[in-house]
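Here is the structure we will look at.
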Amino acid sequence: MKPLIERYGTAFAGMAMVLAFVVFAPNFATAGNLLNVVKDTSFLAILALGFGLALTIAELDLSIAEVASLSAVTAGALIQGKYDPSLAVLAGLGVGLGLGLLNGLTVTALRVPSLIATLGTAAIARGLAFMETQGVAFVGRWPTSFTGLSRGTTLGVSNLVLWLVAATALTYGLIKWTRTGARMVATGEAEEAARLSGIATGRMKLLGLALSGLFAGVTAVLLAANVSSAAPNMAGDYFLYAIAAVLLGMTMFEPGHPNVPGTVFAAFVLKALGNGLVLMGAAYYVQDIMLGVIIIGSVAFSASVVKQAAFKV
Amino acid sequence: MTDIAAPILSLRGISKSYGGVDAVCGIDLDLHRGDVLAICGDNGAGKSSLIKIISGAQPPTAGTMTLRGEPVRFRSPHDALQKGVATIYQDLALAPRLSIAENVFMGAELTRRLGPIQLLDKARMRAEARRYLSRLSVDIPDTRRPVQRLSGGQRQAVAISRALRWDAEIIIMDEPTAALGVRETAQVLQLVRSLKADGRTVILISHNMRDVVALASRVVVLSRGRKVVDRPIDGLEPDDLSHMIMNGAERPAVAAAS
């Protein structure tokens, strides 16, 4: 019984909370509102999956939101300039991947701790985003071939949901089923042991941070496509949400480890919570306070699980 | 002398100095198949420096090593591992929260190819990990358990299984019983015997003279970076060993008897 509570306690609590909103929050359980929550979960979960990949190799990527914003305005600038939408998508993803690689190289080659390296990258990306846009947003009637990435449907299913499913499946498959994923996990769990076993730990760290940047780029393109505009701080609101999703996710399924199902489920719970609070008339700032409590509480909780496990020896 | 008696590993004139200070000096050593060689010496005698050289963690300043009759230089511990010389590190070797199978196959995973992708063959890794452990007479049915849930002796078995995974012929154990209780120490001693029975060659560094006498077939004593004793263990008592280590030479009576 105890392991069940350890593994699924917060997941059940999250479900209970969503059910409470279904009962008590006006209009929460309507199809339209739930679809919005799920769509919003897509952006958050994809961004958080990237942060989780960085955390898997035991690095923090604090640049995800600024990198995503810069990716979005880069794609937006190309759309505004009437370039082909596929070029805009590639540019958005390229900016994310490029800055992710930069983070990775700063950490592995220059030996700057990721906390500092990604903070620096965040500042640079923010500066560049404001430079590109001169502080205003790119807004326009963008081609549906671009906006359709987020607003369209395939076989009746929202494309955003499909992107979420694809990102989740790819990340899960990478971590759980491939040799590279196993080596990333080993690097994050015990870098010295991994190195002594011949794992190229530097390359794993580079990969984790590069993927984190790439996922920020994907999130950015989908965000811009969804609102057919791009602003220099458009992903900022997702930053704390993404960190909270990964950390809250670490309290479920595989307690103490960043894990894919936990991240995605926590992203949904957090978005449902934010949405439900708004519907129940809570002020906007309540969400920030909630996120702070969840971030601290999750780490305190999952750390206690780790300690508990360690004492069983 | 036939080929069977040829040493598996030979050191000739191995020296290591750090900024003019000799940590080890002109060490000659022959290791034979199936030996359990204990390397003893007081703190600062040069044990760790010698082990770092044999395990590939550091290159010697001078001297040569011959492995299976071929001259050899280890570029890193992993290079040594690939050439069949594995070192069981005390605390660094395992990822506590990962499973037994993941630890045994870390860096040497069993995979199936799917196009360009190397997919993990988890079922085979679990079964093989169990097999390695049972070769060490350790029975852990579920190799999905995280290593942190194991006893100290079982963890040593996991670390040794990783060496077996690389098919290491020479296994270096640095203070394998240092942090262990009585029962776990007995488990580890049993592991070393299993390795010997399995035809492996073991280099054992230990401060515990009782362990050395119980396990080793030969003992080398270092003192101030030099080899002062190199003899079979036959008939040695723990006290004799302590005496050798403290005096940097064999006790006269023992030397005469041998």
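A, B, ... follow the sequence lines: proteins, then strands. Residue 1 opens every chain.
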Quick one: [atom1] on [X] to [atom2] on [Y], what's the gap to the nearest 0.5 Å?
{"X": "A:S197", "Y": "B:L81", "atom1": "OG", "atom2": "CG", "result": "7.5 Å"}
{"X": "A:T180", "Y": "B:Q118", "atom1": "OG1", "atom2": "CD", "result": "8.0 Å"}
{"X": "A:W177", "Y": "B:L119", "atom1": "CH2", "atom2": "CG", "result": "9.0 Å"}
{"X": "B:E109", "Y": "A:R179", "atom1": "CD", "atom2": "CZ", "result": "6.5 Å"}
{"X": "B:M106", "Y": "A:E189", "atom1": "CE", "atom2": "CD", "result": "8.5 Å"}
{"X": "B:H78", "Y": "A:L196", "atom1": "NE2", "atom2": "CG", "result": "10.0 Å"}

_I'd like to know if the side chain of B:R97 reaches the main chain of A:G256, judged simply by a donor and an acceptor atom lying under 3.5 Å from each other, with no hydrogens or angles considered._
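Present.
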*asked:* Whether the side chain of B:K122 engages the backbone of A:K176 through a donor-acceptor N/O pair (distance < 3.5 Å, no angle test) should be reported.
replied: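 Side chain of B:K122 to backbone of A:K176, a donor-acceptor pair under 3.5 Å: yes, one is there.
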*Taking all non-hydrogen atoms of both residues into account, name the closest pair between A:I199 and B:G107 and its distance.*
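Reported closest heavy-atom pair: CG1-CA, 3.6 Å.
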_Minimum heavy-atom distance A:A193-B:A93, with the two atoms named_ =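 Taking every non-hydrogen atom into account, CB-O, 3.2 Å.
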Heavy-atom count around [X] [atom1] within 6.0 Å, excluding the residue itself: above 12?
{"X": "A:R203", "atom1": "CZ", "answer": "no"}
{"X": "B:W166", "atom1": "CH2", "answer": "yes"}
{"X": "B:R131", "atom1": "CZ", "answer": "yes"}

*Heavy-atom contacts under 4.5 Å, residues 186-199 of chain B to chain A*: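 At a heavy-atom separation under 4.5 Å, chain A is reached by no residue of residues 186-199 of chain B.
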*asked:* Is any side-chain heavy atom of A:V185 closer than 4.5 Å to one of B:L98?
replied: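 Result yes, sub-4.5 Å side-chain heavy-atom pair found.
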*Where on B:A57 is there a heavy atom nearer than 4.5 Å to chain A: the side chain, the backbone, both, or neither?*
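Contact with chain A involves no heavy atom of B:A57 at all.
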